[in-house]
Amino acid sequence: MRVSLDEAVARLKNGEVVAIPTETVYGLAADASNDAALRQVYAVKQRPMDNPLIVHIADANQVPDWATEFPPLAQKLTQAFWPGPFTLVLPAKESVSRIVRGNQPTVALRVPSHPVALQLLKQSGLALAAPSANKFTQLSPTTAAHVSAGLGEQVAVLDGGACKVGIESTIVSVEGDDWRMLRLGMINEAAIEAVAGKPALEIQHNLTNDLPKVPGQHLLHYSPKTPIKLFESRPALVSFARTSPQKCAALLVGEIGNSNNLPGCNYVNLPVDAEKFAELLYSSLHALDNLGVELLLVELPPNAPEWLAILDRLGRAAHPK
Ligand code: TXA
Ligand code: MG
């Protein structure tokens, strides 16, 4: 069900959950100080309670309301990357709900850049806990229609159009003057390192076999229902498609060339441009997932810094169920 901005504000103040647009993906929002509302977020998502939520705030001045420290390094990073697809994990104040932080001693904070999200934060005066507005382990939504399809029409959705960044925010934790990369995103490690003036303490960008290092960042995140098979090269994908007895659809990187190459196989081809590719990735996977085929064939983009977050998501999406 679609709701207006005013109605979204009223519902959130009333302790209800509302799906909201952000520049990364749609979030399932609730008042971050209302435990009953937060419990509903976990219930609607069917998400384990030990998997903490990101708290969205209107500006960096609110950080001290949530965190016991806001070290100079963290301030530098927020000046560079807020508002935007960047989440900062800091030591939490004792007053921060244990539900929002999944019993962690830390809290994750983000100032989103989507104008509707910012307007909502300002108008409501609330801080909004918002994980991606999908069921646990499923593909994140980048349109209001994805939210309704995934969570049901009964969930209130504030429609802010299609998300521009398209994959979830980069998550960085800061302890004193050190930082760690907890989740890859479109703000890449090199950009953060340039602002921080030093490399990350510990790097996490294995594609498939890493154990969750961010609490709750399970390998099975971001999965369509249809199984995915990854291909390092186009010829390998094409020859597989031609001989596979299974009904397939494909996600390709760049020009299709001779479309006779993929007989009987629906495909989406995305541009060889990491930002545009990320913007369209989840909506393409949602669309391919809805075709009812047996297998999605995915051509991997180049293994280069600007593509690492995308490779990370594709690796997780392809992880066997
Ligand atoms: O782009 C985004 O970040 C989107 C939009 C809606 O803002 N949100 C999002 O939320 O991706 P979610 O819940 O799907 O992912 C949040 C991630 C989880 O992996 C969670 O474990 C981690 O953030 N996280 C949250 N609080 C944390 C904390 N205190 N310490 C470490 N990791 C935390
Ligand atoms: Mg999520």
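In this chain, numbering begins with 1 at the start of the sequence shown. Heavy-atom basis, side chains included; hydrogens, waters and symmetry copies ignored. Fair warning: this is a prediction, and the values are worked out from it, not measured in the lab. When a ligand or atom number is given, it counts from 1 through the structure's own listing order.
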Heavy-atom proximity to atom 25 (C) of ligand 1, best of Ala19, Ala117, Pro52: Pro52

task: Check each heavy atom of Val107 against ligand 1 and say whether those closer than 4.0 Å belong to the side chain, the backbone, both or neither.
output: backbone

message: Whether the side chain of Glu16 engages the backbone of Ala30 through a donor-acceptor N/O pair (distance < 3.5 Å, no angle test) should be reported.
response: no

task: With sequence neighbours excluded, tell me which residues meet ring-ring contact (aromatic ring centres under 6.0 Å, His included) with Phe231.
output: Phe240

- prompt: Does some non-hydrogen atom of Arg110 fall short of 4.0 Å from ligand 1?
  reply: yes

task: Say whether Thr24 and Glu168, considering side chains only, have a donor N or O and an acceptor N or O under 3.5 Å apart.
output: no

query: Does Ala130 reach ligand 1, in the sense of a heavy atom lying below 4.0 Å from it?
result: yes

query: Should we say atom CD of Glu275 is surrounded by more than 12 heavy atoms from elsewhere, each under 6.0 Å from it?
result: no

query: For ligand 1, does Ile171 get within less than 4.0 Å through its side chain, its backbone, both, or neither, judged by non-hydrogen atoms?
result: side chain

message: So for atom NZ, which belongs to Lys198, do other residues, nucleotides or ligands contribute more than 12 heavy atoms lying within a distance under 6.0 Å?
response: yes

Contact check: Lys45 vs ligand 1, nitrogen or oxygen atoms, below 3.5 angstrom: no

message: Quick check: Thr22 and ligand 1, any N/O pair under 3.5 Å apart?
response: no

Atoms in ligand 1 flagged as close to Glu168, the criterion being non-hydrogen separation under 4.0 Å: 1 (O), 11 (O)

query: Where on Arg47 is there a heavy atom closer than 4.0 Å to ligand 1, on the side chain, on the backbone, on both, or on neither?
result: side chain

- prompt: Which of these, Leu28, Thr106, Leu128, has its nearest heavy atom closest to atom 29 (N) of ligand 1?
  reply: Thr106

message: Has Tyr42 got a side-chain atom pairing as donor or acceptor with Ile99's backbone, closer than 3.5 angstrom?
response: yes

- prompt: Of all the atoms in Ser132, is at least one N, O or S atom closer to the Mg ion (ligand 2) than 2.8 Å?
  reply: yes

- prompt: Do the side-chain N and O atoms of Thr87 and Arg183 include a donor-acceptor pair separated by under 3.5 angstrom?
  reply: no

Sidechain-backbone polar pair: Asn290 side chain, His286 backbone, donor-acceptor under 3.5 Å: yes

